[in-house]
Structure formats: structure tokens, C-alpha cells
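One structure below.
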2 protein chains.
Amino acid sequence: MQCNQFLNRMFSKACEYGIKAAIFIALKSYQGERVSLKDIAAKINSPEAFTAKILQKLAKNNIVNSVKGAAGGFEIEKHKIASIQLAEIVDAIDGDSIYIGCGLGLNKCSEDHPCPVHHKFAAVREELKKMLESTNLEELALGIKSGASYLRT
Amino acid sequence: MQCNQFLNRMFSKACEYGIKAAIFIALKSYQGERVSLKDIAAKINSPEAFTAKILQKLAKNNIVNSVKGAAGGFEIEKHKIASIQLAEIVDAIDGDSIYIGCGLGLNKCSEDHPCPVHHKFAAVREELKKMLESTNLEELALGIKSGASYLRT
DNA sequence: TTTAATTCGGACAATTTTATCCTATTTAAT
DNA sequence: ATTAAATAGGATAAAATTGTCCGAATTAAA
Ligand code: FES
Ligand code: FES
């Protein structure tokens, strides 16, 4: 008997992979290295082909550069790394409804027609928004570099 | 062409329905009325059969009482309403990973082996947890009763 | 006792999310 | 030029979530 029940998340799996991938790419880019899909998937412990799709999305959103062909891979221009906010990555993959939308699924969140949890929820959601908008890739990458944090279990 | 993309949520659809249903049942219970699945689904604008499953879950978790047969329906004992926290409902339907689990999907969130966003994320998540644990069904129901908030768009 | 209004719960269907496979294309190196 | 190492992207599959259907069980009321 498999007890599957219960695994709601703040971010989708795709988004989790996307964030971790971006961090790893940023880290390597600082070292002047370009990384392959294979390396990324191994490092962040994600399914390769699925990760490829996510990277395509990040590339289309100009968050990472992809380079085709032998010796190709993914990279981020060093000077851009510190200016990429977590919010941009989440936005590219999950959209902004997590920190914009109504907590109880009303068409839109509004003061004029609030859902029952609006006032309490909006505060938390705003915290999340601020957090995502004030956290950049550089600091996240530095945490990995210094050994203060980890990309996989 | 349907543009479906992007609809991540804080709570699952099931959980959204569950919260709204519980609020409506609480409201009616204060008025000494028991409500049918049909009424609930109509009031919160949810698919009936799906809502039935969710109500079964709430019943099994002793959050609502279900009464079978003609003139049956759902109710919550008045004296319990103020003591039911939002967290209990979320927990019964979505589990606790939303306010306990790692934001980047590591097996477990821990200070000893933190993911890159741990410190920033844990603060927001804790806010969410506090909010869910300090909000009870009574206040939510009162918002609806007073016309200050709405259950559907 | 019959009937009608209910919830219960199993089976199933549709949709979305997650994951895989395979071919085409690009590019560096030989 | 040829080859090998990459990403791109379409097609498909698997799994999870969301949604539907229907018969069984329960209960109040006629
Ligand atoms: S209306 Fe629901 S969170 Fe604002
Ligand atoms: S380890 Fe990821 S949020 Fe704590």
C-alpha cells in the first residue's frame, strides 16, 4: 500500500527544478564555465528531459542563454546574475498567481470583493512577493559556493 | 485556442473548495440550519460530486458532521466553530507540507542541510503557518454574514 | 411500508502536471 | 567533410489532480 496522499507545494516541481538549475548555472557561469543539461540534471537531481523543457522556458524568457552544438550548454552572463530576481524565474515557470491571485480561487483578488481569507492571506502573499522580488540569483549561488546551502538532499 | 498556462496556487482546488464549504456550513450552523451538498456546491460554485469527496474528508477528520438520509446534510456543532483553525482544514485536505516542507523540494526542510532559499523562504512559510493557525472558522463565517466578504466571484 | 431526499463510496473520465523518447538541428573538433 | 556532442522541440506516456456517474445505504415523512 502506497501512501501517496498529500504533497501540495508552494512552487510546482517544474519551478523547483528551474530555480535550482538557474542557481547552478549561475554558479558555474561565475567560474567561466558553461554547463550541459546532463550536468545540471545530475547536480540538482532532476529528470533530464523534463529539465530540458524548463531550461527552454528560462532561455525564452532571457534568464539563461543556451548554446547549441558540441561544447554547448547553458550559461548566464556574469553581469546579469545579480540582477535576476527569484520572482522572474517563478514568473517564467509558474506565473504570478501564487503571489498575485486570490487564495480561495476567486477570479481576482480585490479589496472590493474579497474572499473570506483575503485580509489575512494577502499579508502573507505580500511577504512572499517581497521575498521573491528582493532575492537575486547571486546570493543564492553564493550560498551554494560557500557550502552554506545545498541543491539536493 | 485555449491559453491555459500558468495557474499555480497556494492551496489545491480541493482545499479551496473545502475551506469555502466549511465556512458556509459554519455560517448555517450558527443559524441552526443543516445544509445539503447541493446547497453548498451552489453557494461556493463548485462541482457537486467533487465537493462531496472533500466533505467526506472533512467529516472523517471530525471537522464537519455529516447526517445521512432525508433532511440530512452537513453541520458543525456551534461550540466547535470558533475552535476550528484554518490550519486543520488545510491539513485535512492538502497536508502540512505547504507550511512545513522545503520550498525547493528537499526531502525535509532543515537548518542543518538547508536549500538555497531556506532562510528567506522559511520566514514567509512561518508567516503562513501562523496565519493558518491563528485564523478560525468563526471569524471567517462572520465576514460572510456581515457582507464584508464573499464566497464566490 | 413506501417514497423521496440525502450522504457514501466505488468506478471511471477528463485535465493538468510530470516525465520520457526520438529526430532534427547546430556546432566544435578531427 | 565527417563525426561526436550538444540543445530544440514534437509526440507520447505516466501520474496526479480534478471532475462525473451511479448504485447502495440511510433516514424523515407521507
Ligand atoms: S480576494 Fe481572496 S485573497 Fe484577496
Ligand atoms: S531547506 Fe528548503 S526551505 Fe528549508
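Every chain is numbered from 1 and lettered A, B, ... according to where its sequence line falls, protein lines coming before strand lines. Every heavy atom of this structure was used, including side-chain atoms; hydrogens, water molecules and symmetry mates were not.
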For this session: Identify the two heavy atoms, one from B/P116 and one from A/L140, that lie closest to each other, and give their separation to 0.1 Å.
Result: O-CD2, 3.3 Å

For this session: Can you tell me the distance, in whole Å, between the CZ atom of A/R9 and the C1' atom of D/dA16?
Result: 11 Å

Exercise. For A/F11 and A/L132, which heavy atoms make the closest approach, and how far apart are they?
Worked result: CZ-CD2, 4.1 Å

Exercise. Atom CG of B/N65 to atom C1' of C/dT6: distance rounded to whole Å?
Worked result: 16 Å

Exercise. Does A/K53 or A/A70 map to a spot on DNA chain C nearer the 5' end, using the closest nucleotide for each?
Worked result: A/K53

For this session: Mind calculating the distance between CD1 (B/I93) and P (D/dT17) to the nearest angstrom?
Result: 13 Å

For this session: Could you tell me the separation between the CD1 atom of A/I25 and the P atom of D/dA6, rounded to a whole number of Å?
Result: 15 Å

Exercise. Is the shortest side-chain N/O distance from A/K60 to OP1 or OP2 of D/dG9 below 4.0 Å?
Worked result: yes

Exercise. Just how far, in rounded Å, is P of C/dT25 from CG of A/L37?
Worked result: 20 Å

Exercise. Which residue, A/G69 or A/F11, contacts DNA chain C at a nucleotide closer to its 5' end, judged by nearest heavy atom?
Worked result: A/F11

For this session: Send over the distance from B/E48 CD to C/dC8 P, rounded to a whole Å.
Result: 13 Å

Exercise. Do any side-chain nitrogens or oxygens of B/Y17 fall under 4.0 Å of OP1 or OP2 in D/dG19?
Worked result: yes

Exercise. B/Y150 vs A/H113 aromatic rings, parallel, tilted or perpendicular, using cut-offs 30° and 60°?
Worked result: parallel

For this session: Send over the distance from A/N8 CG to D/dT17 P, rounded to a whole Å.
Result: 8 Å

Exercise. Over how many whole Å does the gap from A/I54 atom CD1 to C/dA19 atom C1' extend?
Worked result: 10 Å

For this session: Using heavy atoms to find the nearest nucleotide of DNA chain D for A/L55 and B/K68 separately, return the residue whose nucleotide is more 5′.
Result: A/L55

Seminar exercise, completed: Picking from C/dT6, D/dT18, D/dT20, the nucleotide nearest the side-chain atoms of B/A49 would be D/dT20

For this session: Would you indicate which nucleotide in C/dT20, D/dT18, C/dT7 comes nearest to any side-chain atom of B/F50?
Result: D/dT18

Exercise. Quick one: on DNA chain D, does A/G72 or A/Q56 contact a more 5' nucleotide (nearest heavy atom)?
Worked result: A/G72

For this session: Decide if atom NZ of A/K120 counts as having more than 12 heavy atoms of other residues, nucleotides or ligands within a radius under 6.0 Å.
Result: yes

Exercise. Reckon A/S36 has a side-chain N or O less than 4.0 Å from the OP1 or OP2 of D/dA5?
Worked result: no

Exercise. Can you name the closest pair of heavy atoms from A/K145 and A/L27 and give their distance?
Worked result: CB-CD1, 3.5 Å

